[in-house]
Undergrad: 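Here's a structure for you.
Below, read A as the first sequence line, B as the second, and so on, with proteins coming before strands; counting in each chain starts at 1.
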Number of protein chains: 2
Amino acid sequence: MTVANRKQREKEEMRELILDASRSIFLEKGYHQTSIRNIAEKIEYSPGTIYLYFKEKDDIFHALHEEGFRRLVAQMETLQFVSDPFERLKAMGRIYMDFAKNNKDFYDLMFIMQAPMNMEERDKWEMGDRTLDHLKNVLRDCQATGKFKGYDVEYLSFFIWSSMHGMCALYCRDRCNAYPEEEATTLMHKGFEIFIDMLDKM
Amino acid sequence: MTVANRKQREKEEMRELILDASRSIFLEKGYHQTSIRNIAEKIEYSPGTIYLYFKEKDDIFHALHEEGFRRLVAQMETLQFVSDPFERLKAMGRIYMDFAKNNKDFYDLMFIMQAPMNMEERDKWEMGDRTLDHLKNVLRDCQATGKFKGYDVEYLSFFIWSSMHGMCALYCRDRCNAYPEEEATTLMHKGFEIFIDMLDKM
DNA sequence: CAAAACTACTGAACAGTGTTCATTTTCCAA
DNA sequence: TTGGAAAATGAACACTGTTCAGTAGTTTTG
C-alpha cells in the first residue's frame, strides 16, 4: 500500500511541477509562448512526458484557470466581515476589479480565453459557479433589505457581472487605448464609481 | 498611365480576393483554421503570394476587423431618425447587442481578439473611434436634455460601453454557460432590459 | 537471487503553423 | 524579339501539439 501511496504522491508532485513551470512561463511570456516543449525544457523532461500527466495542453490551462478561481475566492474571503449587503456588493466589485488589474493574465484565462473551456462538461466551472453563487446570495441579501426590489436575481446577477467584466475585458484586451488621453486604470476606477452610483440610485 | 492604373486595380482586386477567402474560412471554421496555406489553397495561389499583398497574417485580420466596424457603423445609420437622445441611446445599445449576436465572430475580432491589434499605431482604431465618438455625442445630447447631469462623458461612455461589451463578451466566449438554465440570448436580452431600466432611473 | 512484468520516460516522427527568399514564370516596353 | 521588371512559386526554416515504438528503471513473482 505504501508503494502505491508514494506513486500517487509522486504523480501529484509531477503534475505540480508541470503546473509551476507552465504558470511561470505563462505569466512571464504569455499564452502563446507557453508551449509543451518550453514547459518540458524548463522541468528538464522530454515533451512526451507531459502527456503522461495531462491529456492535452488545454488541460494544463484548465488547471491554471481553476487556480485563478481559487485565488479570486481567497480574495473574496474578507467579504464576510462586511455586514451591510449593499456595502458587501460594492466591496465585491472592488475585489473583482482589483483582481483583474493585479492578475491580468489569470483574469484573461478565467473569463476571456477559450482554451480552458474546451473540456468535458464535468467540473468545467465548479469554481466559477461558486463565485457566481456568492454574487447571487449577496443580491438576495440586498433584496431582503428592500434593495433591487422586483428584479430577478438570475438576470440581475448576469447584468452586474457583465458590467464589471466589460471594464475588465476591455482592460485586458487593450481596448482602453480607445481613450488615449486616459490611463486605463483611471478609466476602470471612474467607470466603477459611476456603476456604484448607478446601483445606488436603482 | 493606363497600365499603371490597371496594375493598381489588380493589386486591389487581389487583396479583395484574399480577404474574401479569409473571411469565408474565418466565418466558417474560425480563427485558428484560417491559415495562410488554407487561404492560399482557396484562392489557388501559393502561400508566398499572400505576403506580396499583406505584410503578415494579422494584417489580414486587421482588414477584416475594419470591415466589421464598417458593418457596425452601417447598422448605426438608422439612429439618425431617432430624435430623442435617450431613445437614441437605447436604440444604439440594441443595435450594438444585435450586432454581437448576429456577427459573433466579427464582434470577437473587433473587441476581444488581440490579433488585429498588433499593428503600427496608425489608423489602428480609426473606425472604433468613430463609433465611440458617436456614443459620446449621443451622451452629450442626453446631457443637453438634463439627463446624466454632472457626469464626465469620457468616463460615462466608458462605463456604458463596458456594460454592453461585458454581456457581449460573456456571450462570445461561452461564459453564459454559467447559467445552464438560461438561454444565452435570453440572458443578454434581460440583462439589457435591466441596464436600460437602470439608466432610466439615473 | 534471477526472470518476468510493469511503469516511467524518451525522442523521433507526423501533420500542421507563419514567414522568407532564391528561383522561375509572366508581362510589357523598347 | 529581346531585355528588364514585376509577379508568383515552393522549398526551407523554425516553430507548434500530439503520438507511439522503443528503452531504461523499478517492482513483483517464481
Undergrad: Starting from C1' on D/dC20, measure out to CD1 on A/I50 and report it in whole angstrom.
TA: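 Rounded to whole Å, this separation is 16 Å.
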Undergrad: Within a strict 4.5 Å, meaning less than it, do heavy atoms of the A/D105 and A/Y31 side chains meet?
TA: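 A side-chain contact under 4.5 Å is absent here.
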Undergrad: Would A/K201 count as a cation-pi partner of B/F148, with NZ or CZ less than 6.0 Å from the six-membered ring centre and within 45° of the ring normal?
TA: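 Pair A/K201/B/F148 does not count as cation-pi.
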Undergrad: Name the nucleic acid region contacted by B/F54, choosing base, sugar-phosphate or nothing; use a 4.0 angstrom heavy-atom cut-off, strictly under.
TA: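 Contact class for B/F54: none.
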Undergrad: Mind checking B/S35 for me? I need base, sugar-phosphate or nothing, with any heavy atom below 4.0 Å counting as a touch.
TA: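 Since only primed, P, OP1 and OP2 atoms lie under 4.0 Å of B/S35, the category is sugar-phosphate.
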Undergrad: Please report, rounded to the nearest Å, how far the P atom of C/dT19 is from the CD1 atom of B/I36.
TA: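 My rounded result for the distance is 6 Å.
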Undergrad: Would you kindly compare A/Y51 and B/E44 by the position of their nearest DNA chain D nucleotide and give the one closer to the 5′ end?
TA: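 Nearer the 5' end of the strand: B/E44.
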Undergrad: Side-chain donor or acceptor of B/R37 under 3.5 Å from a matching atom on the base of C/dG16?
TA: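 No pair found.
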Undergrad: If each of A/T49 and B/N38 is mapped to the nucleotide of DNA chain C with the nearest heavy atom, which maps nearer the 5' terminus, i.e. the 5' end?
TA: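 Final value for this comparison: A/T49.
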Undergrad: Parallel, tilted or perpendicular, judged at 30° and 60°: which one describes the rings of B/F111 and B/Y107?
TA: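 Tilted: the ring planes of B/F111 and B/Y107 meet at 30° to 60°.
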Undergrad: Please confirm whether A/K104 makes a cation-pi placement over A/Y171, using NZ or CZ under 6.0 Å from the six-membered ring centre and within 45° of the ring normal.
TA: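 Yes.
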Undergrad: Do we get A/K190 above B/F159's six-membered ring, with its NZ or CZ under 6.0 Å from the centre and within 45° of the axis?
TA: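 A/K190 over B/F159 ring: no.
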Undergrad: To the nearest Å, how far apart are A/E56 CD and D/dT19 C1'?
TA: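 My rounded result for the distance is 13 Å.
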Undergrad: Taking the side chain of B/L52 as heavy atoms from C-beta outward, which of D/dG17, D/dA8, C/dG11 is closest to it?
TA: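 Of the candidates, D/dA8 comes closest.
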Undergrad: In whole angstrom, give the distance that lies between atom OH of A/Y45 and atom P of D/dA24.
TA: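 Distance, rounded to whole Å: 17 Å.
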Undergrad: For B/Q33 and D/dG17, what is the distance between atoms CD and C1' respectively, to the nearest whole Å?
TA: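 It is 13 Å, rounded to the nearest whole Å.
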Undergrad: Between A/K55 (NZ) and D/dC20 (C1'), how many Å, whole number?
TA: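 Rounded to the whole Å, the gap is 17 Å.
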Undergrad: Atom CD1 of A/I18 to atom P of D/dT18: distance rounded to whole Å?
TA: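 That distance rounds to 13 Å.
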Undergrad: In whole Å, what is the span from the CD1 atom of B/I43 to the P atom of D/dA7?
TA: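 Answer to the nearest Å: 15 Å.
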